[in-house]
Engineer: 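The structure that follows is given in the form of structure tokens.
In what follows, chains carry the letters A, B, and so on, assigned in the order in which the sequence lines appear, proteins first and then strands, with residues in each chain numbered from 1.
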Amino acid sequence: MSALKIKKGATKHSAYNLRPTFSEVEERHTLAILVENEPGVLARVIGLFSGRGYNIESLTVAEVDHTGHLSRITIVTTGTPQVIEQIKAQLGRIVPVYEVHDLTVEGPSVERELAIMKVVGTGEKRVEALRLADIFRANVVDSTLESFVFEITGVPEKIGAFADLMRPLGLTEIARTGVAALLRGD
Amino acid sequence: MKREMTGAGIVVQALKDQGVDVVFGYPGGAALPIYDEIFQQNDVRHILVRHEQGAIHAAEGYARSTGKIGVVLVTSGPGVTNTVTGLTDALLDSIPIVVLSAQVPTFLIGSDAFQEADTVGITRPCTKHNWLVKDTEKLASTLHEAFHVARSGRPGPVLVDIPKDVQFATGTYASAKPSASRYQPTVKGDMQEITELVAAMEKAKRPVFYTGGGVINSGPAASQLLRELVDATGFPVTSTLMGLGAYPASGKNWLGMLGMHGLYEANMAMHGCDLMINVGARFDDRITGLISAFSPKSTKAHIDIDPSSINKVIKADIPIVGDVGHVLEDILKVWKARGRKTNKEALGKWQSQISQWRKVECLAFTQGDKAIRPQHALARLQELTKDHDRYITTEVGQHQMWAAQHLGFEAPNRLMTSGGLGTMGYGFPSSIGVQMAHPDALVINVAGEASWLMNMQELGTVSQYNLPVKQFILNNERLGMVRQWQELLHGSRYSHSWSESLPDFVKLAEAFGIKGIICSDPADLDDALLEMINHDGPVVFDCLIEKHENCLPMIPSGKPHNQMMLNEDETAGAIQGAGGALV
Ligand SMILES: Cc1ncc(C[n+]2csc(CCOP(=O)(O)OP(=O)(O)O)c2C)c(N)n1
Ligand SMILES: [Mg+2]
């Protein structure tokens with residue numbers, strides 16, 4: 001686990017954690033959860049969110065350490081500071097959850113999402129789509145005479161902005177991975 | 001020790017190694033290999049219940065009255081789905097339970113096979129953790145881990161689902177190594193926070209200890225330390241339903257239970273205190289009443305082994321994550337080392353304020369010569385049993401609250417009641433589990449007639465094992481607690497809160513070869529109670545009581561602690577507005 005170089009969670013004494021716990025303001029937090037890669041562990045995490053009425057904006061999961069049987073789940077969630085604290089504490093209660101990190105509190109962090117989009121069109125629209133893709137550093141990963149499939153990575157806002165631009169140009173399908181995130185520095 | 005054996009053999013060997021002496025269960029097709037192993041040994045005793053819900057509540061009673069883990073063995077499909085209520089009950093009340101459920105063979109899983117159910121899926125939200133074991137080689141370590149998880153940290157129910165082919169196949173058995181588990185919750189509290197709390201205790205003018213089930217779950221040493229701390233500081237102490245007995249009811253600092261049906265002095269002390277020390281309780285909504293008006297002037301310290309309890313409902317000024325026993329020990333050490341200081345003068349004023357509140361005598365009642373009042377029935381039960389080695393279980397309803405108010409608990413692990421889930425049908429099977437653990441003790445289930453009927457099939461179990469449990473049924477021919485709420489909240493429209501078509505309880509008992517007693521006259525009550533207590537065997541006691549008694553005092557939902565209803569004449573229109581939407 002130490003190989004993954006993840007800082008321990010913030011405590012009440014942490015300089016970052018000065019928000020009033022019982023404020024009514026909703027915040028958006030990115031959580032990184034290291035779990036034992038065992039059957040049903042994702043269901044436990046998702047069941048906690050649905051059972052207790054917490055929000056999930058996005059969720060990604062994959063094994064990150066094969067020999068150590070560790071998977072990393074990245075969840076973007078929203079809630080009041082009290083709810084966010086509860087989510088972290090409740091996640092910590094799940095037996096196969098080893099570490100819970102609030103990257104928003106422990107930050108700064110890098111967040112990336114990948115999306116692939118199919119844009120169908122001909123003529124001027126097709127040219128414009130390609131031009132915008134270039135500006136957004138999206139790659140063409142498949143092409144026919146009447147369509148492109150673009151691959152784009154970035155923060156969710158960038159992907160959203162690109163999708164908005166593609167919509168009038170013939171966007172027909174989109175698949176997004178959800179956010180993966182890591183703390184900056186060492 | 002390492003040895004080859006069948007999966008079923010591993011199950012029984014693991015039970016022996018974990019020190020399990022009794023298992024509550026019910027067989028079925030998928031569980032037969034384990035039952036065959038049970039048959040061929042004498043170390044682990046199996047108690048055959050009459051319904052799997054009975055098995056798990058019995059295991060809960062066993063666990064709560066001993067501090068040990070309660071073990072349940074059931075078959076696949078309906079066998080295990082019948083334990084879901086008990087698992088949820090044990091989860092909410094933090095009771096260590098291990099359920100071993102059989103499953104269809106691995107090669108049939110997912111095929112909608114006969115008596116197949118997605119057991120780990122169904123029980124995931126109502127267990128602390130659960131496992132499906134698909135390989136006999138992993139069975140022993142999983143079973144040991146299950147016991148470790150059930151008892152460590154905040155205790156709770158776990159389930160191990162074992163397919164039939166895994167029971168038949170051969171695997172290696174190895175003994176338990178708890179240190180091998182990655183699950184190791186924090187038990188020591190943060191010394192900085194503990195010192196902060198001691199400093200607050202030294203200055204406090206109006207302190208109160210608010211204790212809960214965590215004290216009892218932490219073990220007898222924690223109750224001992226609590227008594228020492230309370231008596232040395234002279235701070236008053238109240239408790240939730242789950243914590244009754246941790247501090248003795250006869251102790252001089254005892255305020256009585258707090259909360260919705262708690263004592264006036266306890267709730268007023270909570271409302272008016274300047275330092276609240278929560279020891280292993282969780283600010284449940286039955287306790288807090290209206291959150292925005294909850295104990296407005298106090299500094300709140302919260303000791304809990306579960307970090308998620310802290311700041312969940314009430315913001316803690318001094319949060320201490322740790323096991324109650326360890327933390328109390330450290331508090332005592334620090335407090336003594338700093339010179340055993342308290343604010344004596346202010347404390348004296350606080351105590352005289354509390355004596356004023358006590359004078360309200362919120363539990364006072366008068367027994368006439370007509371119908372038996374439930375308070376009187378319990379006061380007499382208390383008087384006639386207080387010198388016995390006594391264990392009480394209860395069902396859920398008015399009788400449960402009256403039992404908490406009118407019976408005195410002098411030691412921990414003596415009251416077994418469904419607190420968090422409020423499960424009608426809990427008390428009778430629970431009393432069976434308690435009696436199994438304490439064969440010579442006087443075990444009484446204080447029941448309501450409606451709750452009791454929910455698991456009355458367990459009369460068969462009582463009869464088979466000749467368990468001398470006493471079923472003390474306070475029969476008001478009503479779903480009394482529901483009726484009370486309908487009176488307060490729904491214009492006395494008693495929709496379906498009558499216990500219609502009740503059986504003749506005496507004949508019902510007799511049909512199982514059990515002694516039945518009926519009593520309706522206050523003049524006969526003592527004799528009838530003594531007959532029950534002195535009978536060497538099980539008894540079903542049908543105690544006919546006043547039918548329209550309300551359980552008071554009461555904090556109406558949506559009201560703060562200092563607005564309790566004390567008398568009948570305060571109940572009209574008591575719950576209005578948003579309070580009506582609460583439960
Ligand atoms: C399994 C279950 N179903 C429904 C309820 C709701 N409920 C709470 S108390 C109560 C009435 C209990 O009646 P009884 O056992 O006769 O006790 P009393 O209140 O009359 O003392 C009911 C229906 C419950 N707590 N549990
Ligand atoms: Mg009743």
Engineer: In this structure, are over 12 heavy atoms from other groups packed under 6.0 Å from A:E26 atom CD?
Structural biologist: yes
Engineer: Does B:D112 have more than 12 heavy atoms from other residues, nucleotides or ligands lying within 6.0 Å of its CG?
Structural biologist: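 No.
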Engineer: Got a second to check how far B:K315's NZ is from A:Q82's CD, nearest 0.5 Å?
Structural biologist: 10.0 Å
Engineer: Could you work out, with salt bridge (charged side-chain N to carboxylate O under 4.0 Å, His left out) as the rule, every residue matching A:E157, not counting sequence neighbours?
Structural biologist: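 Listed in chain order: nothing, the list is empty.
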Engineer: Is any side-chain heavy atom of A:P96 less than 4.5 Å from a side-chain heavy atom of B:H129?
Structural biologist: yes
Engineer: At their closest point, which heavy atom of A:R93 faces which heavy atom of B:S308, and how far apart are they?
Structural biologist: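 Heavy-atom minimum between the residues: CD-OG, 3.1 Å.
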Engineer: Identify which part of A:Q90 has an atom lying under 4.5 Å from any heavy atom of chain B, answering side chain, backbone, both or neither.
Structural biologist: both
Engineer: Would you say the side-chain atoms of A:E85 pair up with the backbone N or O of B:N311, donor to acceptor, closer than 3.5 Å?
Structural biologist: no
Engineer: Is it the case that over 12 heavy atoms from other parts of the model lie below 6.0 angstrom from the NZ atom of A:K158?
Structural biologist: yes
Engineer: Non-hydrogen atoms of chain A under 4.5 Å away: do they reach the side chain of B:D306, the backbone, both or neither?
Structural biologist: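 It is the side chain, since no backbone atom gets that close.
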Engineer: Which residues in residues 141-152 of chain B have any heavy atom closer than 4.5 Å to a heavy atom of chain A?
Structural biologist: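 Those residues of residues 141-152 of chain B which have a heavy atom under 4.5 Å from chain A are B:V149.
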Engineer: Highest number of heavy-atom pairs under 4.5 Å with chain B: which of A:G92, A:A43, A:G47?
Structural biologist: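 Greatest number of close heavy-atom pairs with chain B: A:A43.
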Engineer: With a 4.5 angstrom heavy-atom cut-off, could you sort out which part of B:V158 is near chain A: side chain, backbone, both or neither?
Structural biologist: neither
Engineer: From A:E36 CD over to B:R182 CZ, what is the distance, rounded to the nearest 0.5 angstrom?
Structural biologist: 6.0 Å
Engineer: Rounded to the nearest 0.5 Å, how far apart are CG of A:L48 and CZ of B:R124?
Structural biologist: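 Nearest 0.5 Å value for the CG-CZ distance: 12.5 Å.
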Engineer: To the nearest 0.5 Å, what is the distance between CD1 on A:I94 and NZ on B:K128?
Structural biologist: 13.0 Å
Engineer: What part of B:L132 is in contact with chain A, defined as an atom under 4.5 angstrom from a non-hydrogen atom: side chain, backbone, both or neither?
Structural biologist: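 Neither part.
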